[in-house]
Amino acid sequence: MINNWIKRVGSSVPRGFSRYFILDILKNRTCTGKEIINIAIEQSNGVWNPSPGLIYPLLKRLQEEKLIEETSGNKYRITTKGKSTTEDLDTINNIIKKQMDVLFRVGNIGRFIAMDVLERVKIMGTLLSSNVSNLTKDETNKYKEFLQSELQKINSGNNDWKNIPVD
């Protein structure tokens, strides 16, 4: 099971990752498209080499969504709306990291469940990433509350997750 999963996702970045990578980079500094490509190559140790054909159309879409704006010198910077989006994603990311840490510490069954959770998170992330700019504040808060309640269950020692049916 794990070998098949690794073969499917091990050699590529997940769908929707590039947009959040760009937002994450731009929340700390302004960059040109070329600089973003170079940062991706450097941070992945050359494993990920995004093409200009990926980055520049994505920069255009992020501008249209008002998540980034172009400055002088063909550099891009994040907008207030973009910062809010990255904060929401950081919150979800931290919750998922904590949940995964607990599951991996449980043992073999935890690893099995964690792999299933990863697959479900990937699906949920893909759906959210394609719709995040269309979510209302209330919908965003709903997702946050759900994920936070799940984390609280794990942190409180509630073992209801053990009763989750496994296909």
Side-chain angles (χ1 to χ4, degrees), residues 1-105 111 114-137 139-141 143-144 146-148 150-151:
M1 177 185 137
I2 292 175
N3 287 338
N4 290 336
W5 182 79
I6 290 171
K7 286 177 187 174
R8 278 198 328 258
V9 299
S11 63
S12 62
V13 295
R15 186 172 191 262
F17 172 79
S18 302
R19 87 184 266 114
Y20 299 112
F21 175 79
I22 291 171
L23 290 174
D24 190 58
I25 294 299
L26 295 179
K27 75 180 180 184
N28 298 316
R29 60 182 173 207
T30 61
C31 291
T32 64
K34 177 67 174 154
E35 290 170 332
I36 291 169
I37 292 169
N38 290 340
I39 291 168
I41 294 167
E42 180 183 325
Q43 288 186 1
S44 71
N45 292 323
V47 174
W48 182 39
N49 188 357
S51 70
L54 168 71
I55 297 300
Y56 287 101
L58 187 49
L59 288 168
K60 176 94 171 131
R61 267 184 269 142
L62 292 171
Q63 280 182 282
E64 289 169 357
E65 294 173 26
K66 310 260 189 265
L67 297 174
I68 65 170
E69 59 192 11
E70 191 169 1
T71 65
S72 61
N74 295 324
K75 290 195 174 218
Y76 298 89
R77 73 173 163 217
I78 197 164
T79 62
T80 302
K81 182 178 178 183
K83 286 179 186 173
S84 176
T85 299
T86 61
E87 288 168 5
D88 291 344
L89 293 169
D90 288 344
T91 299
I92 291 169
N93 187 40
N94 289 335
I95 290 168
I96 291 171
K97 278 183 181 179
K98 288 177 183 176
Q99 289 177 340
M100 296 307 294
D101 183 53
V102 170
L103 290 176
F104 279 116
R105 290 173 189 263
R111 285 187 185 92
M115 297 312 292
D116 184 57
V117 169
L118 281 173
E119 187 66 29
R120 292 170 195 237
V121 165
K122 179 181 146 196
I123 292 166
M124 184 176 86
T126 299
L127 291 172
L128 282 174
S129 69
S130 61
N131 293 311
V132 74
S133 62
N134 299 326
L135 293 178
T136 66
K137 188 75 168 172
E139 290 169 327
T140 302
N141 286 334
Y143 283 113
K144 278 185 189 178
F146 168 74
L147 291 170
Q148 287 169 341
E150 294 302 306
L151 179 60

**Request:** Grab the two heavy atoms, one from I37 and one from P50, that are nearest each other, plus how far apart they are.
**Result:**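 Closest approach of I37 to P50, heavy atoms only: CG2-O, 3.5 Å.
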**Prompt:** Of the non-hydrogen atoms in K66 and T79, which two are nearest, and what is the gap between them?
**Reply:**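 Looking at all heavy atoms of both residues, the shortest contact is O-OG1, 2.6 Å.
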**Message:** Rounded to the nearest 0.5 Å, what separates atom CD in E69 from atom CG in L67?
**Reply:**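 Result: 11.0 Å between the selected atoms.
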**Asked** Who are the side chain to side chain contact (heavy atoms under 4.5 Å, CB included) partners of Q63, not counting sequence neighbours?
**Response**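 With sequence neighbours excluded, Q63 shows a side chain to side chain contact (heavy atoms under 4.5 Å, CB included) to I68, E70, Y76, given in chain and number order.
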**Request:** Please confirm whether the backbone N or O of K81 pairs with a side-chain atom of T85, one donor and one acceptor, at under 3.5 Å?
**Result:**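 Yes, because the side chain of T85 sits within donor-acceptor range (under 3.5 Å) of the backbone of K81.
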**Asked** Going by heavy atoms in the side chains, are S18 and W48 under 4.5 Å from each other?
**Response**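 Touching, per the 4.5 Å side-chain cut-off.
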Per-pair distances, 0.1 Å, donor-acceptor, side chain in residues 21-29, under 3.5 Å, sequence neighbours excluded:
residue, atom, partner, partner atom, Å
D24, OD1, K27, NZ, 3.0
K27, NZ, D90, OD2, 2.8

**Prompt:** Quick check: are there more than 12 heavy atoms from other residues, nucleotides or ligands sitting under 6.0 Å from CD of E42?
**Reply:**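 For E42, atom CD is not crowded (no more than 12 foreign heavy atoms under 6.0 Å).
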Let me check something: any side-chain donor-acceptor pairs from residues 54-61 under 3.5 Å, sequence neighbours excluded? List them with distances.
residue, atom, partner, partner atom, Å
Y56, OH, K34, N, 3.1

